[in-house]
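In each ligand, atom 1 is the first atom listed, and ligand 1 is the first ligand listed.
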Amino acid sequence: MNTMEKSIVRDMSLAPSGHLKIDWVKEHMPVLNRIREQFEKEQPFKGLKVAISLHLEAKTAYLAKVIKAGGADVTITGSNPLSTQDDVAAALVEDGITVFAKYNPNPDEYKEHLIKTLETKPDLIIDDGGDLVTILHSERPDLLAQVRGGCEETTTGVIRNRALEKSGELKFPMIAVNDAYCKYLFDNRYGTGQSVWDGINRTTNLVVAGKTVVVVGYGWCGRGVALRAKGLGAKVIVTEVDGIKAIEAYMDGFEVMPMAEAAKHGDYFVTVTGNRDVIRGEHIEVMKDGAILSNAGHFDVEINKQELEALAVSKRVVRKDIEEYVMKDGRKIYLLAEGRLVNLAAGDGHPAEIMDMTFALQAVSLAYVNEHYKKIGPRVLNVPYELDEKVARLKLEALGLGIDTLTEEQKAYLESWKEE
Ligand SMILES: NC(=O)c1ccc[n+]([C@@H]2O[C@H](COP(=O)([O-])OP(=O)(O)OC[C@H]3O[C@@H](n4cnc5c(N)ncnc54)[C@H](O)[C@@H]3O)[C@@H](O)[C@H]2O)c1
């Protein structure tokens with residue numbers, strides 16, 4: 001069967017628009033272009049099957065094409081029901097990649113797409129949020145045997161992978177791509193920082209300057225979201241559960257307070273904790289009329305939607321990706337993108353230049369795990385520093401930036417314990 005016969009996508013006639021989107025990001029992903037050239041020559045995945053679950057938009061599509069250029073037979077599905085772009089999915093099918101993904105499938109369809117992707121019996125996987133790995137270990141161990149290893153994209157997935165490792169049940173090596181410097185320092189911070197505001201602004205078309213933004217969680221993503229909110233002219237409040245992060249937010253110039261207090265002040269709320277129920281009914285009850293709630297954490301559990309719904313007397317869609325909940329006292333609270341990652345469900349995700357580094361790391365880490373899976377064994381491994389550094393060097397080269405090199409004397413000085 002060819003990919004057209006095997007795939008499940010919304011509408012193949014959308015492919016031309018998908019090709020244009022992929023061509024655009026390719027122009028802005030020089031590091032991945034270099035890796036593609038290397039893969040074309042070396043064919044690291046020749047004869048292997050690779051299964052990918054990532055937010056299926058143009059940058060991801062280009063990564064899938066790069067892995068294919070390395071000799072792999074690639075199958076891809078989405079990692080969130082609202083982030084798949086149907087035109088991009090159709091274009092990938094034309095490019096010889098099997099796709100099981102549609103925008104806004106029902107929960108059963110969404111799960112079926114993940115399972116169909118695994119039923120291709122992959123040798124290698126790229127996961128985002130841990131769904132592929134979890135299904136393999138809990139529901140479909142019959143598909144485990146062939147898997148050599150994989151790579152995980154995000155904080156939440158790495159946490160789930162490590163929990164599996166700790167329980168002694170992880171069956172193959174997973175590389176924590178999220179934890180590489182060239183990932184979280186740029187993707188989580190500057191990527192999420194910019195794209196969250198892009199998603200919120202294009203969805204609401206309202207002003208940010210002068211308003212109060214509450215950022216829930218001051219991790220790598222939260223730092224970026226708060227920084228860019230400040231740049232847009234907002235007053236920023238940070239809520240945290242970690243004392244050190246809270247002091248950092250304070251010294252970065254933000255107000256710090258508990259959610260029970262911050263809830264009264266916010267015009268915009270952005271949750272980025274990777275945790276559940278960080279905005280609950282008790283907080284929604286004291287919010288201002290017109291408060292806008294959004295989430296950028298991996299799962300749609302950060303804002304408790306059941307409690308929001310229970311407090312409301314009515315609910316309606318007032319604009320694409322905006323639901324209005326009217327409270328008993330007449331206040332209106334707005335929820336963006338059903339509480340799913342606002343930058344991907346209501347936007348195009350991170351800028352291409354940022355994903356250039358993230359996906360370069362994915363590509364070289366996948367080749368690494370394929371080469372060393374026997375030696376690594378079933379554990380969660382950080383991206384080796386030399387791969388992280390390689391991606392940084394390629395990025396600097398693409399940016400036309402030079403840096404200095406240690407002299408022999410400097411190296412000796414830094415390695416010595418003696419005073420000279
Ligand atoms: N939207 C995107 O494109 C995108 C990109 C990267 C990561 N993510 C996801 O965003 C989430 C956060 O990732 P990160 O890399 O910033 O993680 P992180 O671990 O660096 O930060 C999370 C922060 O949330 C805080 N936190 C936990 N519970 C809290 C609570 N109840 N109230 C306030 N703060 C709380 C933690 O103390 C921590 O400082 C994860 O789910 C990750 O997978 C999303």
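The closest heavy-atom contact to atom 17 (O) of ligand 1, among the options V225, T154, V342, T155, comes from T155. When the heavy-atom distances from atom 23 (C) of ligand 1 to H298, E240, K183 are ranked, the shortest goes to E240. For atom 28 (N) of ligand 1, the nearest non-hydrogen atom from the set L341, D187, N275 belongs to N275.
Close contacts of ligand 1 with G274, meaning ligand atoms under 4.0 Å from a residue heavy atom, involve 11 (C), 40 (C), 41 (O). Taking every heavy atom of K245 and a limit of under 4.0 angstrom, the matching atoms of ligand 1 come to 38 (C), 39 (O).
The proximity of H350 to ligand 1, defined as any non-hydrogen pair under 4.0 Å, is limited to the side chain. At a heavy-atom cutoff of 4.0 Å, ligand 1 is contacted by the side chain of V278 but not by its backbone.
Under a 4.0 angstrom heavy-atom cut-off, Y184 registers as lying outside contact with ligand 1.
Summary of contacts: the protein heavy atom closest to atom 32 (N) of ligand 1 is V241 CG1, 3.7 Å. The protein heavy-atom contact nearest to atom 16 (O) of ligand 1 is C221 N, 2.9 Å. For atom 22 (C) of ligand 1, the closest non-hydrogen atom of the protein is T273 O, 3.6 Å. Taking atom 1 (N) of ligand 1 as the reference point, the nearest protein heavy-atom neighbour is A296 O, 2.8 Å. Atom 40 (C) of ligand 1 has as its closest protein heavy atom T156 OG1, 3.4 Å.
Taking the centre and axis of the six-membered ring of F359, the NZ or CZ atom of K59 falls outside the cone set by 45° and 6.0 Å.
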Worksheet item: Is there a side-chain hydrogen bond (donor to acceptor under 3.5 Å, both in side chains) between D187 and T358 once you walk through the steps?
Response: CA-CA 7 Å; D187 173 313; T358 301; 2.9 Å; yes

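The shortest N/O to N/O separation between V216 and ligand 1 does not fall below 3.5 Å. Considering backbone and side-chain atoms alike, N343 places an N or O below 3.5 Å from some N or O of ligand 1.
Between F100 and H113, the ring planes are parallel. Angles under 30° get that label, and only those over 60° would be called perpendicular.
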